[in-house]
Protein chains: 4
Amino acid sequence: MTSPASSGRRSRRSHEATLAAAFELATEVGYAQVTIEGIAARAGVGKQTIYRWWPSKGTVVLEAVNEKVGSGIDFRSTGDVIADLTGQMSAVVGLLNTEMGDIFTGLIAEAQSDPVLTEAILDTIVRPRTRECADLLKEGQRLGQIRDDVDLDAAVELLYAPLYYRLLLRIAPLSTDHVADVLALAFRGLRP
Amino acid sequence: MTSPASSGRRSRRSHEATLAAAFELATEVGYAQVTIEGIAARAGVGKQTIYRWWPSKGTVVLEAVNEKVGSGIDFRSTGDVIADLTGQMSAVVGLLNTEMGDIFTGLIAEAQSDPVLTEAILDTIVRPRTRECADLLKEGQRLGQIRDDVDLDAAVELLYAPLYYRLLLRIAPLSTDHVADVLALAFRGLRP
Amino acid sequence: MTSPASSGRRSRRSHEATLAAAFELATEVGYAQVTIEGIAARAGVGKQTIYRWWPSKGTVVLEAVNEKVGSGIDFRSTGDVIADLTGQMSAVVGLLNTEMGDIFTGLIAEAQSDPVLTEAILDTIVRPRTRECADLLKEGQRLGQIRDDVDLDAAVELLYAPLYYRLLLRIAPLSTDHVADVLALAFRGLRP
Amino acid sequence: MTSPASSGRRSRRSHEATLAAAFELATEVGYAQVTIEGIAARAGVGKQTIYRWWPSKGTVVLEAVNEKVGSGIDFRSTGDVIADLTGQMSAVVGLLNTEMGDIFTGLIAEAQSDPVLTEAILDTIVRPRTRECADLLKEGQRLGQIRDDVDLDAAVELLYAPLYYRLLLRIAPLSTDHVADVLALAFRGLRP
DNA sequence: TAGTAAACGAGACGGTACGTCACGTCTTACC
DNA sequence: GGTAAGACGTGACGTACCGTCTCGTTTACTA
């Protein structure tokens with residue numbers, strides 16, 4: 001992600017106003033209805049200024065989202081892996097059940113036809129958290145709560161994928177109960 | 001999905017030409033670049049004729065896709081649940097690794113801001129196959145290959161979600177090996 | 001004008017309903033907003049039926065108008081030419097100041113790009129009344145109220161043109177006073 | 001009429017290209033067949049750019065016409081009113097007998113259902129020339145060639161209306177002879 | 001009195017143009 | 001010299017009607 005404040009000359013206000021406007025609009029009218037023109041108008045900023053620092057509306061909104069979310073859904077390690085996972089995943093679910101859910105699905109949708117945005121999402125969201133989660137699972141292996149021969153990246157996918165699946169395909173609403181069910185099933189396995 | 005030929009009066013040629021054009025364009029230029037105008041022009045059909053029978057480009061393409069795929073990825077029951085699952089899921093992966101993959105992700109992307117399309121996807125793809133898969137798992141329970149207390153719908157999600165997750169987030173390419181890994185992990189579980 | 005009732009087979013009701021619908025719509029929404037589809041729908045008649053008997057919406061409305069107007073604006077001869085002219089022209093002005101005025105200007109407007117309609121208007125309205133008026137003027141010559149060497153067709157134009165001029169260019173509203181002014185000026189001439 | 005070059009920011013090329021295209025198309029295919037899309041395509045200009053500066057095709061063509069005609073049909077005062085009128089009216093007739101005639105009738109036709117265009121035509125064509133003509137007639141009164149008690153606006157209508165009448169109702173072609181006849185009749189009057 | 005052909009209502013069809021929206025680029029005037 | 005403002009060419013949108021073309025379904029004349 002470009003960092004306007006540092007690289008360019010005069011910017012600060014425009015930069016912040018743009019991100020704020022993008023986030024507000026996304027929550028007010030829904031991600032799909034947000035336009036660059038709308039952001040510029042709301043922010044009191046020229047369109048060109050936005051295009052100077054971001055390549056697409058998706059990357060603007062992504063930066064705004066990342067700024068808002070901050071460290072609200074970090075992992076915590078207490079020695080009980082399942083409890084730690086339940087906590088973090090429940091926090092994620094809580095977040096996705098706010099207006100943030102629509103913004104998230106909107107970003108992923110847009111990323112399907114925008115490789116730059118795809119990469120940005122992976123870089124700023126997916127990979128960092130995957131790494132954190134994998135670290136937690138590794139700690140779980142050390143503590144004997146997870147099999148030693150499990151591929152940790154695959155395990156992370158097994159745990160998180162069901163959340164995205166329900167979210168993107170609208171199978172059913174996400175909930176804390178669902179998180180518990182997924183964890184229980186993933187840890188125990190299907191086999192008798 | 002509306003069935004033009006039956007409900008209104010005449011159609012056949014227009015109906016088929018529209019679906020064919022939609023599918024061809026989607027594979028040629030990519031789902032996101034397909035437009036109703038493009039479909040109409042390619043099919044030699046008036047735009048209004050398309051709007052008469054489908055509410056959006058998404059539903060047109062979905063119908064075209066469903067027609068093409070047909071029974072190519074049905075389930076088969078041989079008495080070995082893991083083998084049956086491996087077979088069907090590998091077929092799905094094979095399909096998603098063709099141009100069909102892009103069309104699929106395009107449809108799901110569009111569905112994020114189009115409830116009608118969401119419902120159509122669930123109705124024609126997700127729910128039917130979920131049911132088939134659940135039936136297979138139930139057979140697995142009868143044969144003692146799956147625990148009796150497993151919630152089958154949750155199990156289906158656990159198996160398929162990782163595929164969609166990789167596909168939509170571009171974590172990594174799908175492959176037969178990946179299918180095997182997911183199945184092994186899901187059956188065995190993370191617990192030591 | 002085609003005469004549906006006689007030539008074709010079964011028709012009467014459709015014929016009348018079409019004319020009635022055309023006239024009603026023209027007065028309700030304005031001539032320019034009338035469409036063949038609208039007439040057909042209002043009349044409970046198929047579009048094809050309209051196209052079978054009339055070549056354009058203009059000719060339909062023209063026939064409807066002619067039927068309505070009937071003999072309401074005929075000439076009368078009393079021996080006082082100026083009085084007779086005043087009477088007839090005032091009747092015309094009265095008619096043009098109703099919704100009929102808009103229909104009339106609409107027809108003339110459409111006729112600018114439709115030679116068939118032009119001819120129909122000339123045939124059913126302009127030429128018959130021009131002839132009647134010329135006859136009246138000839139009677140005026142016989143009575144010594146009009147110069148013998150005046151070209152009667154030119155005289156008719158001199159009298160009626162100012163009405164159409166005001167009507168079509170919206171110079172000013174038509175009125176009985178205006179009729180009197182025009183007649184006075186035309187009879188007296190500009191010369192001292 | 002809006003003046004693009006001045007009010008908004010940039011324009012010149014688009015403005016001129018639009019007017020040129022509008023005029024060319026009107027003369028080539030006929031006023032009624034001109035479309036905004038056609039003008040935009042011919043001018044190499046976006047449709048929106050046209051809609052930004054003009055409310056309808058009529059006003060575009062009107063501006064193009066006014067620009068072309070310029071001062072070609074102004075009045076001249078030589079001391080002989082009838083000669084001056086004959087000269088100007090013949091010039092008008094000459095103009096209306098070119099492709100300009102069709103454009104003119106097209107504009108007036110369109111104005112029947114477009115008050116904005118009506119006003120524009122009155123403002124840029126009818127009222128200015130009516131005033132010029134009235135001034136000439138007033139000079140005629142001063143010179144004793146026209147009665148003192150004649151209402152000049154009514155007189156202008158009496159002279160010009162027959163031209164429009166013939167033009168719009170296609171009674172007969174316009175000609176210099178016709179102009180002479182109208183003037184002779186209008187000056188002499190119908191009375192013996 | 002039944003059979004049949006036309007005219008009929010309904011409305012789908014391929015088109016054309018509409019007027020609007022947002023895109024991403026470009027230009028101008030201001031601070 | 002970076003900005004806001006917004007004009008520009010472009011291209012797609014979804015809508016309205018056009019005039020033509022099937023569809024069954026009535027009639028009303030013939031045989």
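A, B, ... follow the sequence lines: proteins, then strands. Residue 1 opens every chain.
- Here F:dA28 presents its P atom at 12 Å from CZ of C:Arg12, a figure rounded to the nearest Å.
- E:dC23 atom C1' lies 12 Å from atom CD of A:Glu110, rounded to whole Å.
- Within the nucleic acid shown, A:Gly44 comes within 4.0 Å of sugar-phosphate atoms alone, with no base atom in reach, counting heavy atoms only.
- Nearer to the 5' terminus of DNA chain F, by closest-nucleotide assignment, is the contact made by A:Gly46 (compared with the other of B:Val34 and A:Gly46).
- Looking at the side chain of C:Arg13, the nearest of the listed nucleotides E:dG14, E:dG9, F:dA4 is E:dG9.
- Of the listed nucleotides (E:dG19, F:dC18, E:dC13), F:dC18 has the atom at the smallest distance from the side chain of C:Glu37.
- Along DNA chain E, the nucleotide closest to C:Ala40 and the one closest to D:Lys57 are compared, and the more 5′ of them pairs with C:Ala40.
- Nearest nucleotide to the side chain of B:Ser14, out of E:dG24, E:dG19, E:dC13: E:dC13.
- Between the P atom of F:dC23 and the CD atom of C:Gln48 lies a distance of 14 Å, rounded to the nearest Å.
- Using a 4.0 Å cut-off between a side-chain N of Lys or Arg and a carboxylate O of Asp or Glu, A:Lys57 and A:Glu37 do not qualify as a salt bridge.
- Between the side chains of D:Gln112 and C:Tyr31, no donor-acceptor pair is found at a separation under 3.5 Å.
- If you check distances only, the side chain of C:Lys47 never reaches the base of E:dG11 with a donor-acceptor pair under 3.5 Å.
- With rounding to the nearest 0.5 angstrom, the NZ atom of A:Lys47 is 11.5 Å from the CD1 atom of A:Ile39.
- In this structure, the CD1 atom of C:Ile39 is 16 Å from the C1' atom of E:dG9, given to the nearest Å.
- In this entry the distance linking CZ of D:Arg52 with C1' of E:dC21 reads 12 Å, nearest Å.
- Here the C1' atom of nucleotide E:dA12 and the CH2 atom of B:Trp53 are 7 Å apart, to the nearest Å.
- Across the protein-nucleic acid pair, B:His15 atom NE2 and E:dG14 atom C1' stand 18 Å apart, rounded to whole Å.
- Along DNA chain E, the nucleotide closest to C:Val45 and the one closest to B:Val45 are compared, and the more 5′ of them pairs with C:Val45.
- Expressed to the nearest 0.5 Å, how far CD1 of C:Ile121 lies from CG of C:Asn66 amounts to 9.5 Å.
- Atoms OG1 and CZ, from C:Thr18 and C:Arg13 in turn, are 7.5 Å apart once rounded to the nearest 0.5 Å.
- Separating the OH atom of D:Tyr51 from the C1' atom of F:dT10 is a distance of 15 Å, rounded to the nearest angstrom.
- With distances taken from any side-chain atom of A:Thr35 to the nucleotides F:dG9, E:dC23, E:dC18, the minimum falls on E:dC23.
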